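Report on the following structure.
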Amino acid sequence: MVMFLADVGSSSSSGRGGTSQRREAGRAGQRKRKAEDSSDSEGEGPQLLSQPGRVKELTEEQQRMMDLTERDEYAKRLRERDESRTKNVAEKVDQKAFEEAARRLQLEKEDRTKALPKLRVESRRKYLVKRKDDKIRELEADIQDEEYLFEDKDLSEKERREREHRCTVLQLAKDYEKVRDAENVQRYVMPEEGASVDDSYVEVDEREKKRGYEQRKWEEDQMRGTSLSFGARDKAQHRHDKEYNLVLEDEIEFIKSLPLKGTRKKTKKKKKKKEEDSESSSSSDDDEEEEEEEEEEEEDVMKAPDNSKMSIQEVRRSLPVFPFRDSLLAAIRDHQVLIVEGETGSGKTTQIPQYLYEAGYCDDGKKVGCTQPRRVAAMSVASRVAQEMGKKLGNEVGYSIRFEDCTSERTRIKYMTDGMLMREFLVDPSLEGYSVIIVDEAHERTLHTDILFGLLKDVARFRPDLKLLVSSATLDSEKFSDFFDEAPVFRIPGRRYPVHIYYTRSPEANYIEAAAVTVLQIHITQRLGDVLVFLTGQEEIEACQEILTERVKALGSKIRELIVLPIYANLPSEMQAKIFEATPPGARKVVLATNIAETSLTIDGIVYVIDPGYAKQNYFNARSGMESLVVVPISRASANQRAGRAGRVGPGKCFRLYTKWAFENEMEENTVPEIQRVNLGNVVLQLKSLGIGDLINFDYLDPPPAETLILAMEQLYALKALNHKGELTLTGRKMAELPVDPMMGRMILAAGEFGVVEEVLTLAAMLSVNGAIFYRPKDKAIHADTARKNFFHPDGDHLTLMNVYNEWAGTEYSSQWCYEVFVQYRSMKRARDIRDQLAGLMERVEIQLSTNPADSMAIRKAITAGYFYHVARFSKGGMYKTAKKGQTVMMHPQSCLCEDLPRWVVYHELVLTTKEYMRNVVVIDGKWLLEVAPHYYRDNEVQDNTSKKMPKVKGKAKEELTKEYADPVS
DNA sequence: GAGCACTGC
């Protein structure tokens with residue numbers, strides 16, 4: 001096995017047109033690696049390679065060579081196809097696809113503009129009705145409480161009057177409801193247009209025959225209606241009479257600390273190259289004016305320029321980057337790589353590409369590319385820049401994200417997601433079309449940006465004309481600078497208000513409870529302004545919401561109205577939209593959010609942030625091949641990012657539910673970058689496709705754990721994406737074209753052989769929208785479960801998912817249908833997009849679309865061909881053991897196979913929660929494994945020996961297995 | 001009888 005790894009990166013002629021430099025670097029690294037390995041592997045490796053006889057070795061060698069030739073021919077075909085496509089942009093096929101895309105975009109846009117106001121009005125109406133009921137109930141409870149607590153004594157005159165008033169209000173409200181509901185009372189109804197009077201008018205009451213009754217009745221109705229006013233508008237007048245002084249039972253003591261400096265007020269221009277940096281140690285003169293500063297800054301808010309009244313050019317000139325335009329361009333001219341450090345709001349994302357465009361970096365037809373970690377960011381920034389330049393989006397300024405390519409021949413400034421640039425590398429490894437690449441938000445350290453760093457650094461070496469800008473928020477620019485051979489750092493001030501930080505005096509045991517208490521504390525003691533609470537997940541958010549509504553109810557009308565709103569990614573969009581509605585005057589909004597509010601979306605009007613200091617993070621354990629979602633303390637960088645969310649509209653406050661000591665001593669400086677936490681199967685495949693052989697010694701900003709890389713390569717080898725020398729095979733090259741994980745890619749390719757491509761594409765798409773298909777609200781859990789059970793397929797969850805998709809497709813992709821069966825429309829739409837994209841790629845990987853919906857066996861065999869790594873066999877006591885490692889796993893309780901546990905299963909993924917669960921499971925026959933993965937399974941491994949005792953897979957037996965696997969030929 | 005943080009191709 002070790003030898004196999006040492007050989008990874010051998011001198012394959014990549015066929016991707018990889019540069020000589022790159023190949024040379026790889027070879028050098030590989031040599032080094034080889035030397036290291038042979039010293040510690042005790043000759044185990046060479047043994048493995050020399051074992052097979054000479055004849056076999058030859059044929060194997062021949063096979064390998066043949067495959068490599070085929071692979072290179074395939075790559076050539078792909079390149080040719082790409083070239084012919086870019087030349088004839090207006091060709092029929094593309095034209096059709098383009099029109100379809102444009103039509104969809106247009107529809108979506110119309111949907112948004114048309115439906116949104118209507119939805120808003122509708123939801124407001126519903127909300128008002130609901131709120132009225134709530135308020136009546138609340139009032140009732142209040143009155144009861146007070147009667148119980150105070151009876152009649154101890155009441156001042158004012159209190160007594162108030163109470164009487166409340167009773168009257170309640171009585172009126174009840175009467176009104178009674179009148180409205182009662183069927184036998186004739187009320188005035190506006191006659192419907194066109195309807196004849198006789199139809200709609202039914203006599204019931206003799207009184208109505210009297211003269212003027214109708215008029216009087218109408219007036220009475222109106223009066224009743226108006227005499228009730230709901231809402232918090234009248235709360236303001238009670239605000240100042242201190243009839244009662246509210247004291248919370250358990251308050252949390254906070255200690256104020258130095259504020260996170262705002263950058264808005266500063267006019268001091270800080271522009272320092274790295275070498276001058278030491279002189280400009282941050283000025284400490286404004287520490288003592290902390291308190292006054294707070295007030296001062298508030299005035300500043302009032303005076304802040306109203307952007308809507310400024311012309312576009314005026315806005316551009318008012319941005320903090322503007323004064324640095326010329327010096328920035330000079331720095332870019334003088335240096336190939338430049339690190340741009342600037343906080344959000346400095347305008348760097350929108351302005352710098354424009355400056356470059358104006359400075360002539362696009363004159364020879366080359367593009368300025370700017371990557372963003374998120375799709376929405378790429379889209380919205382591009383549209384903003386197009387507007388500023390007075391061009392139509394998609395012409396000179398465009399964006400490119402998955403499912404949507406809004407660029408054209410004329411595009412010079414191109415915004416895209418980082419993953420999209422990765423894909424472009426596959427087509428154009430030296431990025432010939434670009435003169436400048438800007439990697440924005442580099443501090444977020446997404447998987448794709450991290451890989452891009454290595455690739456771009458390499459490309460920059462042999463393309464001196466390519467400029468590289470890495471833009472990041474403060475703190476880690478030094479690290480980027482070191483990585484890019486001491487590249488200079490250019491600093492731009494941001495635009496943010498100061499945020500005052502408060503820590504707890506002692507640690508809080510229960511942070512959900514503590515967060516709720518802090519919300520109320522803020523609500524009672526601090527002036528108006530919305531609150532944002534960071535929690536780890538849906539469950540915590542729901543718990544916190546419950547606590548808050550309960551407490552607010554208990555406090556009744558003694559406090560202002562408090563609107564509690566949840567937000568997390570899996571929340572249906574119409575509920576998500578609520579957090580963007582303006583807070584009614586006099587009320588306060590509390591948003592309970594997951595990490596989604598840390599970077600992905602910005603909520604207006606947030607003044608207070610409550611940060612318990614935890615988040616859920618995904619960790620991939622290479623040894624067990626298992627992902628686990630665990631709650632971990634956040635990093636200091638993340639905590640500061642959260643605090644910064646309070647300083648967007650004015651000076652804010654951040655309440656941290658941990659001690660200052662914990663912040664300084666227990667928390668990590670930075671979050672562990674994604675590349676060190678996730679399964680790298682896909683990344684390895686892509687890098688291999690780029691002709692990078694030696695992945696262990698690839699130039700990483702932070703290297704991933706070697707184990708993760710090794711596991712990824714082992715898996716790719718088992719999937720036949722790499723050959724025994726670690727070179728990319730034809731299969732591997734095709735898999736790299738598909739934007740899915742390697743196992744899924746293999747499954748899709750296998751579907752071609754089994755004639756079930758359409759079916760497998762459907763379930764691949766459904767599996768790709770991560771478990772967010774079924775919506776399960778707490779209050780309707782039973783309904784949701786029965787709805788889900790209706791889709792169950794006896795052969796497993798994959799086919800169940802396929803049922804869901806096919807039924808949905810049968811309803812013409814109806815959203816109503818989704819709503820009725822508790823399926824998330826958003827996820828289904830996404831599945832459809834993914835499916836369309838995959839189907840479109842089938843031609844590219846040279847697979848014929850085929851279908852055979854009734855053949856469950858063929859479908860399951862295709863799944864097994866991709867996921868033979870994920871096989872488990874029934875053991876005992878409802879437990880399963882994985883086929884190779886013998887790890888004990890359980891069937892997930894949500895699986896449709898839970899009732900009747902089959903002997904052999906393939907699972908889509910393992911998750912560690914309370915136990916080790918297999919999620920999305922399908923029934924298979926053990927014998928299929930010999931058919932679809934004969935190189936991986938032995939006869940004796942797939943025999944049904946459940947009558948016998950399970951052999952212990954430990955010690956020697958395990959060694960045997962490993963050896964067998966390491967040498968697939970024997 | 002559990003539980004899906006968040007992105008991206």
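Note that the structure is predicted; figures quoted are calculated from it, not measured. Lettering follows sequence order; numbering is per chain, from 1. These values consider heavy atoms only, across backbone and side chains, with no hydrogens, waters or symmetry-generated copies.
Defined by atom type and a distance below 3.5 Å, a donor-acceptor pair is missing between the side-chain atoms of A:Tyr568 and A:Gln576. Between the side chains of A:Tyr399 and A:Glu404, a donor-acceptor pair is found at a separation under 3.5 Å. Residues A:Thr449 and A:Glu444 have side chains that never bring a donor and an acceptor to within less than 3.5 angstrom of each other.
Across B:dG8, B:dC6, B:dC4, the shortest atom-to-atom separation from the side chain of A:Tyr568 is found for B:dC6. If you check B:dT7, B:dC4, B:dC9 against the side chain of A:Leu629, the one that comes closest is B:dC4. Here the nucleotide nearest the side chain of A:Asn570, chosen from B:dC4, B:dG8, B:dT7, is B:dC4. Here the nucleotide nearest the side chain of A:Gln894, chosen from B:dA5, B:dC9, B:dC4, is B:dC4. The side chain of A:Pro739 has B:dC9 as its nearest neighbour among B:dG8, B:dA5, B:dC9. The side chain of A:Gln538 lies closest to B:dA5 when the candidates are B:dA2, B:dA5, B:dG8.
Atom OH in A:Tyr619 sits about 19 Å away from atom P in B:dT7, given to the nearest Å. Rounded to whole Å, the distance from CD on A:Glu899 to C1' on B:dA2 is 14 Å. Put simply, CZ on A:Arg374 is 12 Å from P on B:dC9, counting in whole angstrom units. Per the geometry, CD belonging to A:Glu674 stands 12 Å off C1' belonging to B:dC9, to the nearest Å. At whole-Å resolution of the value, CG in A:Leu592 and P in B:dA5 are 14 Å apart. Distance, A:Leu601 CG to B:dT7 C1': 13 Å, rounded to whole Å. The CD-P distance, from A:Glu539 to B:dG1, rounds to 18 Å in whole Å. Residue A:Lys734 contributes atom NZ, which lies 25 Å from atom P of B:dC9 at whole-angstrom precision.
A:Ile596 comes within 4.0 angstrom of sugar-phosphate atoms only, judged by non-hydrogen atoms across all strands, and of no base. Contact annotation for A:Arg375: backbone-only contact, meaning every heavy-atom pair under 4.0 Å involves sugar-phosphate atoms and none involves a base. Heavy atoms of A:Leu447 sit nowhere under 4.0 angstrom from any nucleic acid atom. When heavy atoms are screened at a 4.0 angstrom cut-off, A:Thr446 is found touching no nucleic acid atom at all. A:Arg402 comes within 4.0 angstrom of a nucleotide base, judged by non-hydrogen atoms across all strands. As judged by a 4.0 angstrom heavy-atom cut-off over every strand, A:Ala615 is placed among residues making no nucleic acid contact.
The salt bridge (charged side-chain N to carboxylate O under 4.0 Å, His left out) check on A:Arg919 picks up A:Glu909, with sequence neighbours excluded. Residues forming a ring pair (Phe, Tyr, Trp, His ring centres under 6.0 Å) with A:Tyr907 (at least two apart in sequence, or on another chain): A:His870.
Annotation: of the two residues near DNA chain B, A:Met420 and A:Arg677, the 5′-most nearest-nucleotide partner is A:Arg677.
Between A:Lys915 and B:dA2 there is a side-chain polar atom (N or O) within less than 4.0 angstrom of OP1 or OP2. Taking 4.0 angstrom as the limit, A:Arg919 places a side-chain polar atom (N or O) nearer than this to OP1 or OP2 of B:dC4. Within the 4.0 Å cut-off from OP1 or OP2 of B:dT7, not a single side-chain nitrogen or oxygen of A:Thr417 is found.
Between A:Tyr825 and A:Tyr819, the gap from one ring centroid to the other reaches at least 6.0 Å.
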